[in-house]
**Q** 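Please see the structure below; I have some questions.
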Amino acid sequence: MDEPLEPADNELVTRTKEGDVAAFDELVRRYSPRLYGLVYNMTSNHEDTNDLLQDIFAKAFRSINGFRQQASFYTWIHSIGINMTINFLKKRNRRRALSLDDVDSHIENDPDFIEATSSSDPRRETSLGELQKRLNESLQKLSHDHRAVVTMFDIQGMPHAEIAKILGISEGTVRSRLFYAHRQLQNYLGEFRAA
């Protein structure tokens with residue numbers, strides 16, 4: 001027996017516009033994991049990420065009738081996500097200094113990380129933990145625009161063309177921002193590598 005095919009995004013969008021809330025719920029289920037990763041890697045805070053994700057999908061639901069489907073739903077929802085996250089970060093930075101205490105802890109449950117640290121070498125474990133902390137801190141030092149392209153390209157694996165569509169910039173600008181951001185990250189991590 002063949003598995004039933006999942007409906008295409010366009011079909012779900014059309015059904016949502018016609019009042020089918022379950023169709024939008026399917027879009028939320030489909031895109032929550034990727035958006036969560038994108039937003040978390042920009043905010044470095046699980047609570048803020050959860051709040052933003054709710055706001056992003058609420059805005060998308062309210063705005064769905066204005067979505068003309070010239071771009072893919074994927075591009076549209078990621079554009080909303082990036083813009084709302086950047087706006088949130090700008091407000092947060094004005095309200096208080098960025099706290100780096102919320103360092104990514106989910107890496108400790110990553111199978112590759114566990115395997116890499118399974119040998120009981122305390123110096124190596126300390127070094128890997130320090131590297132993760134430094135990477136996170138360095139990422140947070142980047143401007144919001146540069147952090148967005150690094151998150152989408154290096155962490156989420158999006159191609160330049162997709163990032164350009166989501167951000168509404170040229171592919172050349174994406175490449176330029178990535179080049180600058182990678183150089184900044186190398187500078188921030190320079191002393192760690194020298195140690």
Side-chain angles (χ1 to χ4, degrees), residues 32-56 59 75 77-110 112-114 116-117 122-195:
S32 286
R34 272 195 88 110
L35 279 172
Y36 188 93
L38 177 73
V39 173
Y40 178 75
N41 282 299
M42 290 184 66
T43 64
S44 202
N45 182 295
H46 291 291
E47 201 171 296
D48 291 340
T49 300
N50 288 325
D51 291 345
L52 273 165
L53 218 51
Q54 287 181 0
D55 293 344
I56 290 163
K59 180 173 183 166
T75 299
I77 194 71
H78 277 77
S79 295
I80 292 172
I82 285 289
N83 289 330
M84 289 183 73
T85 303
I86 287 173
N87 289 338
F88 167 80
L89 290 171
K90 288 176 181 174
K91 287 178 192 169
R92 181 174 78 177
N93 288 346
R94 283 194 298 264
R95 284 195 312 262
R96 61 180 169 77
L98 181 63
S99 171
L100 295 173
D101 295 334
D102 187 23
V103 175
D104 185 6
S105 61
H106 81 276
I107 191 171
E108 294 170 6
N109 298 319
D110 184 274
D112 294 331
F113 181 78
I114 292 169
T117 59
R123 277 180 40 199
R124 183 173 182 212
E125 289 176 21
T126 301
S127 186
L128 285 172
E130 182 65 19
L131 176 60
Q132 175 62 32
K133 184 177 181 217
R134 290 284 178 101
L135 282 169
N136 190 39
E137 289 173 357
S138 298
L139 191 59
Q140 297 305 313
K141 288 179 184 178
L142 295 175
S143 74
H144 306 308
D145 291 338
H146 290 100
R147 192 179 326 159
V149 294
V150 167
T151 299
M152 288 188 279
F153 183 77
D154 293 315
I155 298 171
Q156 298 249 302
M158 292 183 192
H160 293 133
E162 192 66 36
I163 297 168
K165 283 184 206 169
I166 289 168
L167 295 177
I169 59 177
S170 72
E171 285 186 54
T173 301
V174 171
R175 286 186 186 91
S176 171
R177 287 182 185 175
L178 275 171
F179 176 79
Y180 177 81
H182 288 157
R183 186 184 301 166
Q184 287 298 105
L185 288 171
Q186 286 174 341
N187 289 339
Y188 295 145
L189 294 170
E191 68 185 55
F192 181 78
R193 289 185 309 186

**Q** Would a 4.5 Å heavy-atom cut-off, applied to side chains only, mark Val39 and Ile56 as touching?
**A** yes

**Q** To the nearest 0.5 Å, how far apart are CD in Glu137 and OH in Tyr188?
**A** 12.0 Å

**Q** Grab the two heavy atoms, one from Ser138 and one from Leu189, that are nearest each other, plus how far apart they are.
**A** OG-CD2, 3.5 Å

**Q** Measuring only between side-chain heavy atoms, which start at C-beta, is Asn41 closer than 4.5 Å to Met152?
**A** no

**Q** Working to the nearest 0.5 angstrom, can you tell me the gap between Asp48 CG and Tyr40 OH?
**A** 10.5 Å

**Q** Any side-chain heavy atom of Gln156 within less than 4.5 Å of one from Arg34?
**A** yes

**Q** Roughly how far, to the nearest 0.5 Å, is the CG atom of Leu142 from the NE2 atom of His182?
**A** 9.0 Å

**Q** Kindly check if the number of other-residue, nucleotide or ligand heavy atoms within 6.0 Å of OH (Tyr36) is above 12?
**A** yes

**Q** Could you give me the CA-CA distance, side-chain angles and deciding distance for Leu38 and Thr85, then say whether side-chain contact (heavy atoms from CB on, under 4.5 Å) is met?
**A** CA-CA 9 Å; Leu38 177 73; Thr85 303; over 6 Å; no

**Q** So which atom in Ala148 and which in Ile86 form the shortest heavy-atom distance, rounded to 0.1 Å?
**A** CB-CD1, 4.4 Å

**Q** Side chains of Met158 and His78: does their closest heavy-atom pair fall under 4.5 Å?
**A** yes

**Q** Would you give the length of the straight line joining atom NZ of Lys141 to atom CG of Asn187, rounded to the nearest 0.5 angstrom?
**A** 10.5 Å

**Q** If the condition is side chain to side chain donor-acceptor pair (under 3.5 Å), which residues does His146 pass it with, not counting sequence neighbours?
**A** Ser143

**Q** Only counting residues at least two apart or in another chain, list the ones meeting side chain to side chain donor-acceptor pair (under 3.5 Å) with Thr75.
**A** Ser72, Glu162

**Q** Can you tell me how far NZ of Lys165 sits from NE2 of His160, rounded to the nearest 0.5 angstrom?
**A** 14.5 Å

**Q** Can you give me every donor-acceptor pair (side chain of residues 171-179, partner residue at least two apart or in another chain, under 3.5 Å) with its distance?
**A**
from: Glu171; atom 1: OE1; to: Arg175; atom 2: NH2; distance (Å): 3.4
from: Thr173; atom 1: OG1; to: Ser170; atom 2: OG; distance (Å): 2.9

**Q** Working to the nearest 0.5 Å, report the span between CG of Asp154 and CG of Leu185.
**A** 8.0 Å

